[in-house]
Amino acid sequence: MTMAAYAPAGAVRAAADAADRAGSSVSFDQVSVAYRGVVVMKPLTLNVEAGEILALIGPSGSGKTTALRAVAGFVRPASGRIRIGDTDVTDLPPYERGLAMVVQNYALFPHMRVDQNVAFGLNAQKAPKALTAERVEESLRIVGMSAYAKRYPRELSGGQQQRVAIARALAVRPRVLLLDEPLSALDAQIRRSMVEELAKLHRTLPHLTVLYVTHDQSEALTLADKIAIMKDGMLNAHGPTAELYRRPPNRFAAEFLGRANILPARVEDNGSASGFAKVAVGADSVLALPSSLPNGGGCLLCVRPQHLALQPDGNDVNVIAGTLRDVHWQGELTHLVLDVADTIVRVVVTRPPDLPPAGSRMKLHFSPSDASLIPADAHV
Ligand code: ADP
């Protein structure tokens, strides 16, 4: 998949740079996908800005890959339109969309050396030799694999193979890079360093739009400008990464993005006038980030474990009192079972103090800006 026409290298670069700036946004407009009559992606409307890294996350089977394949042109939407920049690509074949895709299992040609693999897309399009050589060299440099140009894939580690796969994708100068679980075949340590390298790569190519499918929320939180959470073939939440983590719109999003303590609460003042919301949790009244939820209604209070401090006694500002019922130590995290106003609340904390015996009263403290409100009925 690449640009169809070739011109002298400088002109190609200028044209590609212009296209990158003007034409690399991706928009889904009511796009649905069915496999043999079964709808697996319900009408999806989503805009990815030019130069943005969007992470598509969600449980297995939620439709992430399907969304990506629809952009790539490997599946035809049952309804809706897909645009890249100003172009409606819905009816275009994959190779005319200006995209490149990297999948989980490297997919390098085993009988070709690294440089031949990287040159493959350009050779397939009969690009001039000098241009191909220049692009191969540049792409390998970007992914830090210049020294391995003459090796065969079998002579590389998994992480190195995946770098070559990314170089091969970049060599065709895509407007949009589609990454489908590109790191999930690698072990955890290499995955972490590859995430950093992908972030660096995007700094090198800031106009490149990246759609990144992963089931690993930490990859998404590290890399993405925005996150789209899929659930059951539908968009469950979408927003800037930090904002979505800090103020998830629903319980599923809160729990999918990381550990979350979710406590039943009641809105006393939604804070739209005062700046902070006031909610009742059991007999306690605490402040949280403002919300648009109606005053007087039920809601859920969401606080991340690292923002919760346990206080056996002392500070009474923004605290919820409960009775300690049980403690489960799990290495980095400790799970506490507390009774807060007749509700069993499971709380996860990172650094517990010396815990008193079961049956003792405990206080949970958090800063109002680290607590958000979620609709009580949002089991979506
Ligand atoms: P994810 O990437 O989130 O794991 P997918 O997009 O791969 O999810 O799959 C979404 C749904 O579509 C799943 O229920 C899956 O079984 C189904 N599906 C995916 N590909 C096909 C196919 N080629 N034929 C039939 N069903 C498919």
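Counting convention: from 1, in listed order, for ligands and their atoms alike.
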Distance below 4.0 Å between atom 27 (C) of ligand 1 and any protein heavy atom?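 Yes; the ligand atom in question has protein heavy-atom contact below 4.0 Å.
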Using a distance threshold of 4.0 Å (strictly less than), state whether atom 16 (O) of ligand 1 has a protein heavy-atom neighbour. no
Run the numbers for me: atoms of ligand 1, each under 4.0 Å from some heavy atom of [X], listed by number.
| X | value |
| --- | --- |
| Ser60 | 4 (O) |
| Val40 | 11 (C), 12 (O), 17 (C) |
| Thr66 | 5 (P), 6 (O), 9 (O), 10 (C) |
| Ser62 | 1 (P), 3 (O), 8 (O) |
| Pro59 | 3 (O) |

Nearest-contact summary for [atom] - protein heavy atom, Å:
| atom | result |
| --- | --- |
| atom 20 (N) of ligand 1 | Tyr35 CE1, 3.3 Å |
| atom 7 (O) of ligand 1 | Thr65 CB, 3.7 Å |
| atom 1 (P) of ligand 1 | Gly61 N, 3.4 Å |

In this structure, does ligand 1 have an atom that sits under 4.0 Å from one of the heavy atoms of Gly63?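 Yes, Gly63 has a heavy atom closer than 4.0 Å to ligand 1.
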Does Ile229 reach the side chain of Leu257, with side-chain heavy atoms less than 4.5 Å apart? yes
Apply side-chain hydrogen bond (donor to acceptor under 3.5 Å, both in side chains) to the pair Ser218 and Asp216, showing each step before the final yes or no. CA-CA 6 Å; Ser218 71; Asp216 180 332; 2.7 Å; yes
So which atom in Ala321 and which in Asp284 form the shortest heavy-atom distance, rounded to 0.1 Å?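 Closest heavy-atom pair between Ala321 and Asp284: N-OD2, 2.7 Å.
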Compile the donor-acceptor pairs under 3.5 Å between side chains in residues 112-124 and protein atoms, sequence neighbours left out, one pair per line.
unit_1 : atom_1 : unit_2 : atom_2 : d
Arg113 : NH1    : Lys150 : O      : 2.6
Asp115 : OD2    : Lys150 : NZ     : 2.4
Gln116 : OE1    : Arg113 : N      : 2.7
Asn117 : OD1    : Phe109 : N      : 2.8
Asn117 : OD1    : Arg168 : NH1    : 3.4
Asn117 : ND2    : Phe109 : O      : 3.1
Asn117 : ND2    : Met112 : O      : 3.0
Asn117 : ND2    : Arg113 : O      : 3.3

Under the criterion side-chain hydrogen bond (donor to acceptor under 3.5 Å, both in side chains), I'd like the reasoning laid out for Glu49 against Ser25: C-alpha separation, chi angles, the key distance, then a yes or no. CA-CA 5 Å; Glu49 285 169 32; Ser25 60; over 6 Å; no
Distance-only donor-acceptor hits, side chain of residues 285-295, under 3.5 Å, sequence neighbours excluded:
unit_1 : atom_1 : unit_2 : atom_2 : d
Ser285 : OG     : Glu268 : OE1    : 2.7
Ser291 : OG     : Leu293 : N      : 2.9
Asn295 : OD1    : Asn270 : N      : 2.6

Val213 N/O under 3.5 Å from ligand 1 N/O: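 In fact, backbone or side chain, Val213 has no N or O that close.
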Are Arg154 and Tyr152 in a cation-pi setup, meaning NZ or CZ lies under 6.0 angstrom from the ring centre and within 45 degrees of the ring axis? yes
Report yes or no: does Arg97 contribute a side-chain atom to a donor-acceptor pair with the main-chain N or O of Thr90 at less than 3.5 Å?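 Indeed, once roles are kept as given, a pair shorter than 3.5 Å links the two residues.
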